[in-house]
Colleague: 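I'd like to ask you about the structure that follows.
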Amino acid sequence: MDSARSSAAVGIVIGGAFILNFIVISEQIPQSISALLGDADINPIMFLIVVNVLILLLGCVLDATTIILVIVPLFIPTCEALGIDLVHFGVLVVVNSMIGLITPPYGILLFVINAVTDIPLREIIAEIWAFLAVLIAALVLMMLTPDLVLWLPRMLGYQG
């Protein structure tokens with residue numbers, strides 16, 4: 001019975017994310033944002049900072065699948081225009097989405113942990129800050145030094 005409740009809680013969250021995904025695509029929001037970003041005069045680091053902050057904020061309230069499938073495609077044309085490596089960008093997005101899932105106050109994984117362990121949210125949130133600080137520092141380091149992210153793919157033959 002407990003497993004069914006936990007699975008149902010996760011399923012409801014994912015179902016809500018897919019409904020939001022459908023609405024965003026139906027309203028053609030990706031095309032609008034892509035056109036807006038294409039007209040802006042911005043350098044690559046500033047662009048990555050803005051995108052990382054946006055994904056971190058969205059990760060607090062949306063599922064990572066929705067962010068990756070709906071939000072990220074908006075930024076790919078701008079990344080290419082600014083000369084940002086797409087593998088580097090992809091790693092930043094995935095790491096950032098995972099950080100957003102545990103970021104208070106509405107990180108989805110906080111509620112999953114609560115549903116599975118019955119630990120009160122306030123206790124989970126009180127203990128998460130040190131982890132978040134380390135994860136955000138690692139994200140900033142990865143953002144500022146693309147070679148840190150790309151060394152392994154390059155060793156395996158990636159030419160980007």
Colleague: With the 4.5 Å side-chain cut-off for hydrophobic clustering, are Phe111 and Phe131 part of the same group?
Modeller: no
Colleague: Quick check on Tyr158: does its OH atom have over 12 non-hydrogen neighbours (other residues, nucleotides or ligands) under 6.0 Å away?
Modeller: yes
Colleague: Any chance you could measure Leu48, atom CG, to Met142, atom CE, to the nearest 0.5 Å?
Modeller: 12.0 Å
Colleague: Are Trp151 and Leu156 linked, directly or through other ILVMFWY residues, by side chains that come within less than 4.5 angstrom of each other?
Modeller: yes
Colleague: For residues Asn43 and Met46, report the shortest heavy-atom separation together with the two atoms involved.
Modeller: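 Closest heavy-atom pair between Asn43 and Met46: OD1-N, 2.7 Å.
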Colleague: Can you check whether Gly157's main-chain N or O pairs, donor with acceptor, with Gln159's side chain at less than 3.5 Å?
Modeller: yes
Colleague: Please say yes or no: joined through hydrophobic side-chain contacts below 4.5 Å, possibly via intermediate residues, are Ile102 and Trp129 part of one cluster?
Modeller: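 Looking at the clustering, Trp129 is in the same group as Ile102.
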Colleague: Val87, Met155: one ILVMFWY side-chain cluster at the under-4.5 Å cut-off?
Modeller: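 No; tracing contacts between hydrophobic side chains, which count when under 4.5 Å, never links both residues.
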Colleague: How close do Val72 and Ile68 get, heavy atom to heavy atom, and via which atoms?
Modeller: CB-O, 3.5 Å
Colleague: Show the nearest heavy-atom pair for residues Pro104 and Leu132, with the distance to one decimal.
Modeller: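 In this case the closest contact between Pro104 and Leu132 is CD-CD1, 3.5 Å.
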Colleague: Let me see the working for Asp2 and Arg5 under side-chain contact (heavy atoms from CB on, under 4.5 Å), right down to the final yes or no.
Modeller: CA-CA 5 Å; Asp2 289 338; Arg5 280 190 209 118; 3.2 Å; yes
Colleague: Is Met98 close to Leu135 at the side-chain level, that is, under 4.5 Å between some pair of heavy atoms?
Modeller: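 When only atoms from C-beta onward are counted, Met98 and Leu135 do not touch, as no gap falls below 4.5 Å.
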Colleague: Nearest 0.5 Å please: distance from the CD1 atom of Ile128 over to the CG atom of Leu110.
Modeller: 6.0 Å
Colleague: Rest of the hydrophobic cluster containing Met1 (Ile/Leu/Val/Met/Phe/Trp/Tyr, side-chain heavy atoms under 4.5 Å)?
Modeller: none
Colleague: So, does Asn96 use its side chain to make a donor-acceptor pair with the main chain of Leu92 at under 3.5 Å?
Modeller: no
Colleague: Walk me through it: do Ile84 and Phe75 pass the test side-chain contact (heavy atoms from CB on, under 4.5 Å)?
Modeller: CA-CA 11 Å; Ile84 298 169; Phe75 302 122; over 6 Å; no
Colleague: Taking all heavy atoms of Met143 and all of Ile45, pick out the closest pair and write down the distance.
Modeller: O-CD1, 4.4 Å
Colleague: For the CG atom of Asp147 and the CG atom of Asp85, what is their distance to the nearest 0.5 Å?
Modeller: 10.0 Å
Colleague: What distance do Ile99 atom CD1 and Ile55 atom CD1 have between them, rounded to the nearest 0.5 Å?
Modeller: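 Reported to 0.5 Å precision, the distance equals 10.5 Å.
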Colleague: Can you measure from CD1 (Ile125) to CD (Glu127) and round to the nearest 0.5 angstrom?
Modeller: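 Going from the CD1 atom of Ile125 to the CD atom of Glu127 covers 11.5 Å.
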Colleague: For Pro120 and Asn114, which heavy atoms make the closest approach, and how far apart are they?
Modeller: CA-ND2, 3.8 Å
Colleague: For residues Leu141 and Thr145, report the shortest heavy-atom separation together with the two atoms involved.
Modeller: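 Result for this residue pair: O-OG1, 2.6 Å.
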Colleague: Val51 versus Cys79: any side-chain heavy-atom pair under 4.5 Å?
Modeller: no
Colleague: Between CG of Leu56 and CG of Leu101, what distance do you get to the nearest 0.5 Å?
Modeller: 10.0 Å
